[in-house]
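Residue indices begin at 1 and follow the sequence shown.
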Amino acid sequence: MDQPGGRSFMQVLCEKYSPENFPYRRGPGMGVHVPATPQGSPMKDRLNLPSVLVLNSCGITCAGDEKEIAAFCAHVSELDLSDNKLEDWHEVSKIVSNVPQLEFLNLSSNPLNLSVLERTCAGSFSGVRKLVLNNSKASWETVHTILQELPDLEELFLCLNDYETVSCPSICCHSLKLLHITDNNLQDWTEIRKLGVMFPSLDTLVLANNHLNAIEEPDDSLARLFPNLRSISLHKSGLQSWEDIDKLNSFPKLEEVRLLGIPLLQPYTTEERRKLVVARLPSVSKLNGSVVTDGEREDSERFFIRYYVDVPQEEVPFRYHELITKYGKLEPLAEVDLRPQSSAKVEVHFNDQVEEMSIRLDQTVAELKKQLKTLVQLPTSNMLLYYFDHEAPFGPEEMKYSSRALHSFGIRDGDKIYVESKTK
């Protein structure tokens, strides 16, 4: 029976995946046949259930008939129940215990903080490998119970749960490889380090939007806390010191880092931000989602040397001395103006006359003819122009197209332009 004011999992399932709403797809495992049910049952004779069920925002408050769930969901491997009204872990347990192949479960934005998760209920989740509890306000006590009963849990999402501290369980979870714990209030490193104690096999740690203010840990201790960490996201954290960036080198397997939106980097240009970080993290192969190539790393390290070359010795980072050993002391790069030339001084030849004049290179051939009209005393319609590059081995080039821009000829100072009359 449905709870008053709510809907059951089974009711929503029947409505969404009935043949009328979800056309039958032929093929093995695509449809589930159920024997005729008593009159008045909401069940259909046939439902078309994929292995991935998405039932978010459906107002679900309870499980419904467990036998019917078992009959329909034996093949289901992923289940999204986010943004419903589930507040009782027992009801969640009734659903999950009848989905034996379940590996992914999303319970985000359900008010499950209103009930206590008992170990007997959590045991029904034992096959789940990926669990999403974002914005569920799940307590650390609930998380501990889950970790005890899910021996194969590999990915856990605990975002938007208003955590200000981390509570360690009595037993470590060695199976967890990925932890998303973004958008909480974990500002002190003393809390973050507990995650390393809880999850010694952690491969990926996503800490974005937590305003972490510093990494306060000796280098050798960091290596012991996160021995397997390959990727970390500190996007929009509160890091303000280059020493915190240098600390990342202490993670022995770290390859990927995200550091966008931190206070430390705000005063720098986009180019400076990336190059200075790449140069400080020699083992990181991907920064902010972009691969660091060997060429980019060398450019960044050379940039780093030149950036600090005039800084007082007491303020030079240790990495500077390491890179000086690698490349030697580099001179500042010469400043080269690569902007295109806007004008040129040329010789204009007409009959036996030679006149030196400055011409704008952004104008067209037609506009140049107008400029020369007074000088050569010819109408533009009766004027032939030839361009001669004084360094080119070829002869003059006729400037026959009126709309062609002068800069496209490659005109430079000292070149010549010959003017002839068509009626000559």
Side-chain angles (χ1 to χ4, degrees), residues 132 134-135 155-166 168 176-292 296-297 300 304 317-319:
V132 186
N134 297 338
N135 196 35
E155 299 183 8
L156 180 60
F157 294 74
L158 297 173
C159 309
L160 295 161
N161 283 333
D162 298 334
Y163 297 137
E164 295 182 357
T165 60
V166 175
C168 282
L176 200 75
K177 300 290 190 285
L178 180 148
L179 175 64
H180 274 254
I181 192 164
T182 68
D183 297 279
N184 284 288
N185 297 307
L186 300 172
Q187 301 182 31
D188 296 327
W189 177 255
T190 52
E191 302 304 321
I192 302 301
R193 72 184 312 278
K194 296 175 186 176
L195 300 175
V197 176
M198 292 170 66
F199 308 115
S201 301
L202 204 60
D203 170 276
T204 301
L205 176 58
V206 185
L207 285 167
N209 298 324
N210 268 291
H211 311 295
L212 174 67
N213 49 37
I215 301 176
E216 299 169 330
E217 192 81 32
D219 293 350
D220 56 345
S221 180
L222 277 177
R224 292 193 301 270
L225 276 174
F226 294 94
N228 297 294
L229 193 66
R230 186 194 57 80
S231 174
I232 188 169
S233 173
L234 294 165
H235 177 61
K236 289 191 177 179
S237 64
L239 298 180
Q240 302 181 53
S241 167
W242 281 113
E243 285 71 22
D244 293 319
I245 307 303
D246 293 335
K247 289 281 186 183
L248 299 177
N249 289 311
S250 300
F251 299 124
K253 295 185 179 180
L254 192 66
E255 298 176 356
E256 181 176 355
V257 175
R258 290 181 181 268
L259 284 169
L260 293 173
I262 65 174
L264 168 65
L265 299 178
Q266 287 179 356
Y268 298 90
T269 66
T270 301
E271 179 188 31
E272 290 170 342
R273 290 171 189 171
R274 185 167 178 89
K275 287 186 173 180
L276 293 176
V277 172
V278 167
R280 284 181 180 262
L281 301 176
S283 298
V284 169
S285 58
K286 186 179 285 188
L287 176 64
N288 298 330
S290 298
V291 172
V292 179
E296 182 187 11
R297 186 175 303 285
S300 298
F304 189 91
F318 178 73
R319 181 64 175 155

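The six-membered or imidazole ring of Trp242 lies near that of Tyr268, with a centre-to-centre distance under 6.0 Å.
Using a cutoff of 4.0 Å between basic side-chain nitrogens and carboxylate oxygens, Arg193 and Glu217 are scored as salt-bridged. Ion pairing between Glu243 and Lys247 fails under the 4.0 Å rule for side-chain N and carboxylate O. Remark: Arg280 engages Asp246 in a salt bridge, criterion side-chain N to carboxylate O under 4.0 Å.
The shortest side-chain heavy-atom distance between Leu179 and Thr204 does not fall under the 4.5 Å cut-off. Looking at Asp203 and Leu178, their side chains never come closer than 4.5 Å, going by heavy atoms from C-beta outward. Leu287 has its side chain within reach of Val277: a pair of non-hydrogen atoms, C-beta onward, lies under 4.5 Å apart. Here the side chains of Pro282 and Arg319 are in contact, with some heavy-atom distance below 4.5 Å. With a 4.5 Å cut-off on side-chain heavy atoms, Arg274 and Glu296 count as touching. Between Lys177 and Asn228 the shortest side-chain heavy-atom distance does not fall below 4.5 Å. Under the 4.5 Å side-chain criterion, counting only non-hydrogen atoms from C-beta, Leu239 is in contact with Leu234. Using a 4.5 Å heavy-atom threshold, the side chains of Phe304 and Pro317 count as touching.
Remark: side-chain polar atoms of Glu272 are paired, donor with acceptor, to backbone N or O of Thr269 under 3.5 angstrom. For Arg297 (side chain) and Val292 (main-chain N/O), no donor-acceptor pair under 3.5 Å exists by modelled atom type. Between the side chain of Asn184 and the backbone N or O of Thr182, at least one donor-acceptor pair lies under 3.5 Å. Between the side chain of Asp188 and the main chain of Ala214, no donor-acceptor pair closer than 3.5 Å is present. Counting only distance, with no hydrogens or angles, the side chain of Asn161 and the backbone of Asn135 share a donor-acceptor pair below 3.5 Å.
Of all heavy-atom pairs spanning Cys159 and Asn134, the tightest one is N-OD1, 2.9 Å. Minimum heavy-atom separation, Pro252 to Ala223: CD-CA, 3.9 Å. Taking both residues in full, the closest heavy atoms of Ser237 and Pro263 are given as O-CD, 3.2 Å, listed atom of the first, atom of the second, then distance. Closest heavy-atom contact between Gln240 and Leu264: O-CD1, 3.5 Å. For the residue pair Lys194 and Cys168, the shortest heavy atom distance occurs at CB-SG, 3.4 Å. Closest approach of Ala279 to Ser300, counting heavy atoms only: CB-O, 3.7 Å.
The distance from the NE2 atom of His180 to the CG atom of Leu158 is 10.5 Å, given to the nearest 0.5 Å. Here the NZ atom belonging to Lys253 is positioned 11.5 Å from the CZ atom belonging to Arg230, to the nearest 0.5 angstrom. In this structure, OG in Ser250 is found 12.0 Å from CG in Leu229, a value given to the nearest 0.5 Å. For the atom pair Ile232 CD1 and Leu259 CG, the distance stands at 8.5 Å (nearest 0.5 Å). Note that CG of Leu205 and OG of Ser233 are 8.5 Å apart. Values are rounded to the nearest 0.5 Å. A distance of 8.0 Å separates CD in Glu164 from CD in Gln187, rounded to the nearest 0.5 Å.
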Checklist entry - Can you list the steps and then say if Val166 with Leu195 is a side chain to side chain contact (heavy atoms under 4.5 Å, CB included)? => result CA-CA 8 Å; Val166 175; Leu195 300 175; 3.9 Å; yes

Checklist entry - Would Val257 and Leu248 count as a side chain to side chain contact (heavy atoms under 4.5 Å, CB included) if you check the C-alpha gap in whole Å, the side-chain angles of each, and the deciding distance to 0.1 Å? => result CA-CA 9 Å; Val257 175; Leu248 299 177; 4.0 Å; yes

Checklist entry - side chain to side chain contact (heavy atoms under 4.5 Å, CB included) between Leu176 and Leu202: does it pass, once the steps are laid out? => result CA-CA 6 Å; Leu176 200 75; Leu202 204 60; 4.2 Å; yes

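Paired with Ile245 under the rule side chain to side chain contact (heavy atoms under 4.5 Å, CB included), one option of Leu265, Ile262, Ile215 passes, and it is Ile262.
Donor-acceptor pairing under 3.5 Å is lacking for the side chains of Lys236 and Asn209.
Ring orientation note: the planes of Trp189 and Phe226 are tilted relative to one another, at an angle of 30° to 60°.
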